[in-house]
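This report refers to the structure that appears directly beneath it.
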Amino acid sequence: MDAQKIAQLRAAPVAPARHLIDGTQCAASDGAVMDVISPLDGQILTTMARGTQADALAAVTAARRAFDDGRWSGMTPAARKKILLKWAGLIEAEALEIAVLGVRENGTEIGMAFKAEPMSAAATLRYYAEAIDKLHGEIASTGDDTLGLVHREPVGVVGAIVPWNFPLMIGAWKLGPALAAGCTVVLKPAETASLTLLRIAELALEAGLPPGVLNVVTGEGPVVGAAIAESMDVDALVFTGSGTTGRRLMEASARSNLKRVYLELGGKSPNIVFADAPDLDEAAKVSAHGIFRNSGQVCIAGSRLLVERSIHDAFVSKLAAVAEAMTLGDPLDPATMAGAVNSEHQLEQILSAVDDARAAGRTIVTGGTRILPETGGYFMAPTIVTGVQRDDALARNEVFGPVLAVIPFDTEEEAITIANGTDYGLAAAVWTSNLSRAHRMVRRIRAGIVHVNTYGGSDLTVPLGGVKQSGNGHDKSLHAFDKYLDLKTAWIKL
Ligand code: ADP
């Protein structure tokens, strides 16, 4: 990574951001703006439009018109593919600029941000672009006197509400299949991570995406997001974020037009280490990164470590050594392994979760405090807490920070009970050399993804989605198209 170029980019002023509605940049209807605070130093990076309900509705109207007149869905899949591939290329060509802008806004370490944000978004758009002209309808196996055809049709206008931890990666998981399928989109980025999504939306226009097909409205969730969720003209809502907001979106759907609602709501993912793990040093290293990278602000973060009692102390020592050796701080230094927490509010939430554990008598093995306060930024030390009880808040609630709750177990059965003992079911991992045990655990753990002898790092070819209160529906893989394509039957008497 070119350190000199990063230094130049980090010093560049950032222009005030505006919505992108119907192919045009515009201010909020009442002219209001909100500050964009950089978590690197707590300073104002720029401003962005503070969207109103009217802005959200204008974007929905544009998306509705663009869908209904067929300017996008009526193109051949091959034509849509060409535009999406061009878009992916434009994002890649500007990847470092986009990555640095994103880091200045959300604090992720640049090494990870570069790969996980622009590069991954471009790869996702390519994947779905390349797939769309290879998906076919079906001819049903009826008798000779009828013909049953199963068409796949785009669902229409999609409302996409996305979070701040990986705005481009998660945004592209929704935009890729939605746009490839022929849907039009109203995108609501998070309050603290809007700039890069706005930038790639501009690049989409440059690539030839017709105006109105992708609209981006910035501002507050309870105003802009809620207006999208309540709209009678949005056909499907796709969301990644908190359970509280997810519930509101389902209620909004029930109150309005019963739009489909697909939720990805995070987790409290168990990372289960048996004494017979093939390589405990590797397990410690990967497990530490599985919770501490991006300062734990990862939906699938392995935030509960379930460790077999016989290796508990030794394994915790290994983990602490990895955590303490991590290079922390300036997210724009390519050597940094964990950058800033996204916002002051988020840092306060994390510190309060740790304070509660401390007050309950749990042991903070390492970390537990804010670090680098002299920068003005929001940095938190990787934190390991032992002695956590199964019913502690730290064992049940998502912290979304670099905080690992460690719980010992004695038997496989007990590990499964603890693993399944939360409301969530997003991710899990099992470290063992015993193949049968690995398969048993995969079957019995209730989660959307169970890793074996690794944590994280799955690619686009496999689906990601949760069970229980981690949500429904899947991002990634060809299964993601299910959210954006409806089945329609033609039943024809011959
Ligand atoms: P987090 O706690 O991770 O910030 P949120 O669920 O609050 O999770 O935010 C995820 C996304 O949901 C953001 O884009 C945010 O603006 C949006 N959002 C927050 N509240 C609402 C709401 N009441 N209606 C619709 N969207 C919302």
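Remember, it's 1-based here, ligands and their atoms both numbered in the order they're listed. Computed from a predicted model, the values in this text were never measured in an experiment.
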message = Does the residue A229 have a heavy-atom contact with ligand 1, meaning some pair of atoms that are separated by less than 4.0 Å?
response = no

query = In terms of side-chain heavy atoms, does T24 have a donor or acceptor partner in D22 at a distance below 3.5 Å?
reply = no

request  = Check whether any N or O atom of E220, backbone or side chain, sits under 3.5 Å from an N or O atom of ligand 1, and answer yes or no.
outcome  = no

query = Should the heavy atoms of other residues, nucleotides or ligands under 6.0 Å from NZ of K285 be counted, would the total exceed 12?
reply = no

request  = Would you mind running through ligand 1 and noting each atom that sits below 4.0 Å from a heavy atom of P222?
outcome  = 20 (N), 21 (C), 22 (C), 23 (N)

message = Strictly less than 4.0 Å: does any protein heavy-atom distance to atom 9 (O) of ligand 1 fall in that range?
response = no

task = Report the nearest protein non-hydrogen atom to atom 22 (C) of ligand 1: residue, atom name, distance rounded to 0.1 Å.
result = G221 O, 3.5 Å

task = Could you tell me the residue and atom name of the protein heavy atom closest to atom 17 (C) of ligand 1, and the distance to it rounded to 0.1 Å?
result = I161 CG2, 3.6 Å

task = With heavy atoms under 4.0 Å as the rule, classify the contact between V224 and ligand 1 as side chain, backbone, both or neither.
result = neither

ask   = Going by the atom numbers of ligand 1, which of them fall below 4.0 Å from some non-hydrogen atom of P189?
value = 14 (O)

task = State whether the shortest distance between N or O atoms of W164 and N or O atoms of ligand 1 falls below 3.5 angstrom.
result = yes

key: D30 side chain to T52 side chain, donor-acceptor N/O pair below 3.5 angstrom   = no

note = Scanning both residues in full, the closest heavy-atom pair of F67 with S73 reads O-OG, 3.8 Å

request  = Check each atom of ligand 1 against the heavy atoms of R248 and keep those under 4.0 Å away; list them by number with element.
outcome  = 23 (N)

request  = Verify the distance criterion only: is there a donor paired with an acceptor across the side chains of T108 and N294 at less than 3.5 Å?
outcome  = yes

task = Check each atom of ligand 1 against the heavy atoms of L249 and keep those under 4.0 Å away; list them by number with element.
result = 25 (C)

key: Interfacing atoms of ligand 1 (cut-off 4.0 Å, heavy-atom, T245)   = 5 (P), 6 (O), 7 (O), 12 (O), 18 (N), 19 (C), 20 (N), 21 (C), 22 (C), 26 (N), 27 (C)

request  = Any atoms of ligand 1 less than 4.0 Å from a non-hydrogen atom of V162? List them with their elements.
outcome  = 11 (C), 13 (C), 14 (O)

query = Got the closest protein heavy atom to atom 15 (C) of ligand 1, with its distance?
reply = E191 OE1, 3.5 Å

ask   = Between the side chains of S231 and K259, does any donor sit under 3.5 Å from an acceptor?
value = no

